[in-house]
Amino acid sequence: MLTFPLHNTALDLKGKPPKELPHGLLPIPLEVRELVEMERAKHPPEAFAKAEGGLLNDWTVHWFFDNLCQEVTYRQTPDGPEVLAVGFDEVLALQRTLSPEERRTLKGYPA
């Protein structure tokens, strides 16, 4: 989770309906990359290497959706999170189309 005050994208998106919020592959913001680098120094290299991709994806979703009061379903990718659904209606509709195995490969925000 982001740990110090930053102007994140979510502040600019507040009040927008789910269909107007970001969908698809989200770029990893420079600020998120910098925060991940700050964390790197606090952990053993082997352990951090396993967690790095998850941190980049999870913190990017946080960067875009923090305090928007919207559910988000996304898939982690090496290039950043791929947002598949935003808001209760989209998330529910997506879940109805997925098998249990497919659902296990996705993540939700808030967790």
Side-chain angles (χ1 to χ4, degrees):
M1 187 157 290
L2 306 178
T3 57
F4 56 87
L6 294 169
H7 180 86
N8 62 4
T9 301
L11 293 173
D12 298 329
L13 298 172
K14 203 154 195 81
K16 292 188 180 226
K19 67 181 179 183
E20 293 181 23
L21 295 175
H23 288 69
L25 187 64
L26 300 181
I28 300 171
L30 178 61
E31 294 87 347
V32 169
R33 290 185 187 279
E34 289 173 357
L35 288 169
V36 168
E37 288 306 313
M38 289 170 57
E39 280 299 305
R40 182 183 309 278
K42 300 176 188 176
H43 304 280
E46 304 81 31
F48 191 82
K50 290 179 184 177
E52 183 175 8
L55 289 175
L56 287 167
N57 279 265
D58 295 346
W59 289 1
T60 296
V61 170
H62 184 85
W63 182 263
F64 281 89
F65 293 97
D66 184 41
N67 292 321
L68 296 184
C69 301
Q70 297 292 341
E71 290 184 54
V72 179
T73 298
Y74 65 100
R75 176 185 345 263
Q76 291 189 351
T77 79
D79 299 320
E82 179 187 9
V83 174
L84 305 173
V86 178
F88 178 80
D89 293 336
E90 282 186 25
V91 169
L92 184 60
L94 175 66
Q95 288 178 349
R96 289 181 174 158
T97 67
L98 300 173
S99 70
E101 295 79 28
E102 290 171 312
R103 278 188 230 139
R104 282 192 284 273
T105 66
L106 303 178
K107 293 195 75 176
Y109 177 86

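Computed from a prediction, not measured in an experiment: that's the story for all the values here.
Ring geometry for Y109 against H62 counts as perpendicular: the plane angle is over 60°, on a 0 to 90° scale with 30° as the lower cut.
In this structure E101 satisfies the side chain to side chain contact (heavy atoms under 4.5 Å, CB included) test together with S99, R104, sequence neighbours excluded. The side chain to side chain contact (heavy atoms under 4.5 Å, CB included) search around L94 returns T73, L84, A85, T97, L98, L106, not counting sequence neighbours. For E46, the side chain to side chain contact (heavy atoms under 4.5 Å, CB included) partners at least two apart in sequence or on another chain are P44. Taking the side chain to side chain donor-acceptor pair (under 3.5 Å) definition, one finds that K19 meets it with nothing, sequence neighbours left out. Residues satisfying the side chain to side chain donor-acceptor pair (under 3.5 Å) test with E90, not counting sequence neighbours, are H23. By the side chain to side chain contact (heavy atoms under 4.5 Å, CB included) test, N67 pairs with K14, sequence neighbours left out.
Using a 4.5 Å cut-off between side-chain heavy atoms of Ile, Leu, Val, Met, Phe, Trp and Tyr, V91 forms no hydrophobic cluster with any other residue. In this structure, F88 belongs to a hydrophobic cluster whose other members, linked by side-chain heavy atoms under 4.5 Å apart, are L92.
Considering only heavy atoms from C-beta on, P81 comes within 4.5 Å of T60 through its side chain. Counting heavy atoms from C-beta outward, E52 and E37 have side chains that approach closer than 4.5 Å. Counting heavy atoms from C-beta on, the side chains of W63 and P27 never come closer than 4.5 Å. Within the 4.5 Å cutoff, no side-chain heavy atoms of P110 are placed close to those of F65.
Both M38 and V32 are assigned to one and the same hydrophobic cluster, defined by single-linkage of ILVMFWY side chains at heavy-atom distances under 4.5 Å.
Rounded to the nearest 0.5 angstrom, N57 CG and L26 CG are separated by 9.0 Å. Between R33 atom CZ and L30 atom CG the span is 8.0 Å, to the nearest 0.5 Å. To the nearest 0.5 Å, atoms CZ (F64) and CG (D12) are separated by 10.5 Å.
Sorted by first and then second residue, the pairs that involve residues 75-87 and meet side chain to side chain donor-acceptor pair (under 3.5 Å), not counting sequence neighbours, are D58-Q76, R75-E82.
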I'd like to know whether L55 forms a side chain to side chain contact (heavy atoms under 4.5 Å, CB included) with F48, so could you lay out the CA-CA distance, the side-chain angles of the two residues, the decisive distance to 0.1 Å, and finally the verdict. CA-CA 10 Å; L55 289 175; F48 191 82; 3.7 Å; yes
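Minimum interatomic distance between L13 and P22 (heavy atoms only, all atoms of both residues): CD1-CD, 3.5 Å.
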